[in-house]
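Atoms considered below: every heavy atom in the structure, side chains included; atoms not considered: hydrogens, waters and symmetry mates. Convention: sequence-line order gives letters A, B, ...; per-chain numbering from 1. The structure presented is a predicted model; accordingly, all values stated were derived computationally and were not measured.
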Amino acid sequence: MSKEGAVCVEPNTPENQHLELLCTGELREAVDEEDEFPPPIPWQKIEALGLDCDYGLLFSQEEANRLFLQLEDEVEYFTGEQAKVQVFGKMHSVPRKQATYGDKGLVYSFSGVHLAARVWTPTLEYIRNAVTGATGHTFNFVLINRYKDGQDHIGEHRDDERELDPSCPIASVSLGAARDFVFRHKDARKEPKKCQIEPVKLELAHGSLLLMNPPTNTYWYHSLPVRRKVKTTRINLTFRRIVRGCQKRKKD
DNA sequence: TTGTCTACAGGTTT
DNA sequence: AAAACCTGTAGACA
């Protein structure tokens, strides 16, 4: 069993507090105590070989509750063919709901689907500003995944799409039901017996922000496994930076 | 014990 | 080469 060997990270462990954001702070010096959104300290640093994440609470419980309800009211999820992916040649309806919002004209593609960004809603712009205020990074796109209960899930994958800016972290905001989240190193997938790199597991809480810094998505897969005990809904927003004009091209 | 749950391995085809 | 999927199975747990 890998259970006892797994690296488990408890949210907000005092000894893991980090008072400053470690990932690039270019935009940081311009802001001061008049910040509309203070950083979600204490940050918790999560590190492993090639993995670099920061985790913290971005919203109070009251505000997170409000945002969850607003998103349940506002967000339009894809249906029909746009809610299907092609894996190993077969079409599947994804075991969750998905939506994309972002700057005009942006398209996000994976596993045979091409999802055009809808225009930002007020709530999504508010959350995006909060993430930018907390991280110093700007984002032009968000992928929303809605897991109605513990049976909804997402399989192991990397966010390694070509159109993503490789220097920009991916910012993952969680609202609603807390869910387990698992990272696995790519070598641990192929050669599980040889590879000693243990999975990294954490729980993503209501109102939390997980920053996945480069090169995390180059080496680590992540998934949101089934948890049958969970009976309520989680909404996840992953803010990204898509490089404009960088069309998908075949590798050399 | 026994039913429920999870982790893991392995399959598919472009 | 690698995949944002699935199912089956064995072992853990209550």
Who are the side chain to side chain contact (heavy atoms under 4.5 Å, CB included) partners of Glu74(A), not counting sequence neighbours?
Thr121(A), Pro122(A), Thr123(A)
Rounded to whole Å, OH of Tyr219(A) lies from P of dA2(C) at a distance of 14 Å
Between atom NZ in Lys229(A) and atom C1' in dA12(C), what is the gap in whole Å?
11 Å
Checking Ile144(A) against Leu124(A) for the side chain to side chain contact (heavy atoms under 4.5 Å, CB included) test, could you report, in this order, the C-alpha distance in whole Å, the side-chain angles of both residues, the deciding distance, and whether it holds?
CA-CA 10 Å; Ile144(A) 305 178; Leu124(A) 290 173; 3.9 Å; yes
Measure from CH2 on Trp220(A) to P on dA2(C) and round the result to the nearest Å.
18 Å
Check for a donor-acceptor pair, side chain of Trp220(A) on one end and backbone N or O of Leu49(A) on the other, with a separation under 3.5 Å.
yes
Got a list of protein N/O to nucleotides 12-14 of chain B N/O distances below 3.5 Å?
| residue | atom | partner | partner atom | Å |
| --- | --- | --- | --- | --- |
| dT13(B) | O4' | Phe88(A) | O | 2.9 |

Would you say the side-chain atoms of Arg227(A) pair up with the backbone N or O of Asp180(A), donor to acceptor, closer than 3.5 Å?
no
Distance to the ring centre below 6.0 angstrom and angle to the axis at most 45 degrees; does that hold for Arg234(A) and Phe181(A)?
no
Would Arg240(A) and Asp165(A) count as a salt bridge (Lys or Arg N to Asp or Glu O under 4.0 Å) if you check the C-alpha gap in whole Å, the side-chain angles of each, and the deciding distance to 0.1 Å?
CA-CA 8 Å; Arg240(A) 300 142 189 267; Asp165(A) 182 338; over 6 Å; no
Selected nucleotide, minimal atom distance to Ile154(A) side chain, candidates dT6(B), dC5(C), dA7(B)
dC5(C)
Are OP1 or OP2 of dA7(B) and a side-chain N or O of Arg227(A) less than 4.0 angstrom apart?
yes
His153(A) near the nucleic acid: base, sugar-phosphate alone, or nothing, with a heavy-atom cut-off under 4.0 Å?
sugar-phosphate
To the nearest Å, how far apart are Glu156(A) CD and dC6(C) C1'?
14 Å
Students often get this wrong, so: under 4.0 angstrom with heavy atoms, is Asp159(A) touching a base, only sugar-phosphate, or nothing?
base
May I ask you to decide if Leu175(A)'s main-chain N or O and His206(A)'s side chain share a donor-acceptor pair within less than 3.5 Å?
no
Take atom CZ of Arg189(A) and atom P of dG11(B), then tell me their distance rounded to the nearest Å.
15 Å
Does Thr100(A) reach the main-chain N or O of Ala116(A) with its side chain, forming a donor-acceptor pair under 3.5 Å?
yes
N/O (side chain, Lys186(A)) to phosphate O (OP1/OP2, dA3(C)) under 4.0 Å
no
Let me know the distance between NE2 of His185(A) and P of dA2(C), rounded to the nearest Å.
13 Å
Determine the contact category for Val94(A): base if any of its heavy atoms lies under 4.0 Å from a base atom, sugar-phosphate if only primed atoms, P, OP1 or OP2 are that close, otherwise nothing.
nothing
Hey, does Glu161(A) reach any base, or is it just sugar-phosphate, or nothing, if we go heavy atoms under 4.0 Å?
base
Testing dC5(B), dC5(C), dA3(C) for proximity to the side chain of Arg158(A), the answer is dA3(C)
In whole Å, I'd like the distance from the NE2 atom of His222(A) to the C1' atom of dA7(B).
19 Å
Let me check I have this right: for DNA chain C, each base becomes ., (, ), [, ] or |, based on Watson-Crick or G-U pairs with both distances under 3.5 Å. What is the full string?
.||.||||||||||
Quick check: are there more than 12 heavy atoms from other residues, nucleotides or ligands sitting under 6.0 Å from CZ of Phe78(A)?
yes
Can you tell me how far P of dG3(B) sits from CZ of Arg228(A), to the nearest Å?
15 Å
Any Tyr221(A) side-chain N or O less than 4.0 Å from OP1/OP2 of dA2(C):
no
Give the ring-plane orientation class for Phe183(A) versus His222(A), where under 30° counts as parallel, over 60° as perpendicular and anything between as tilted.
perpendicular
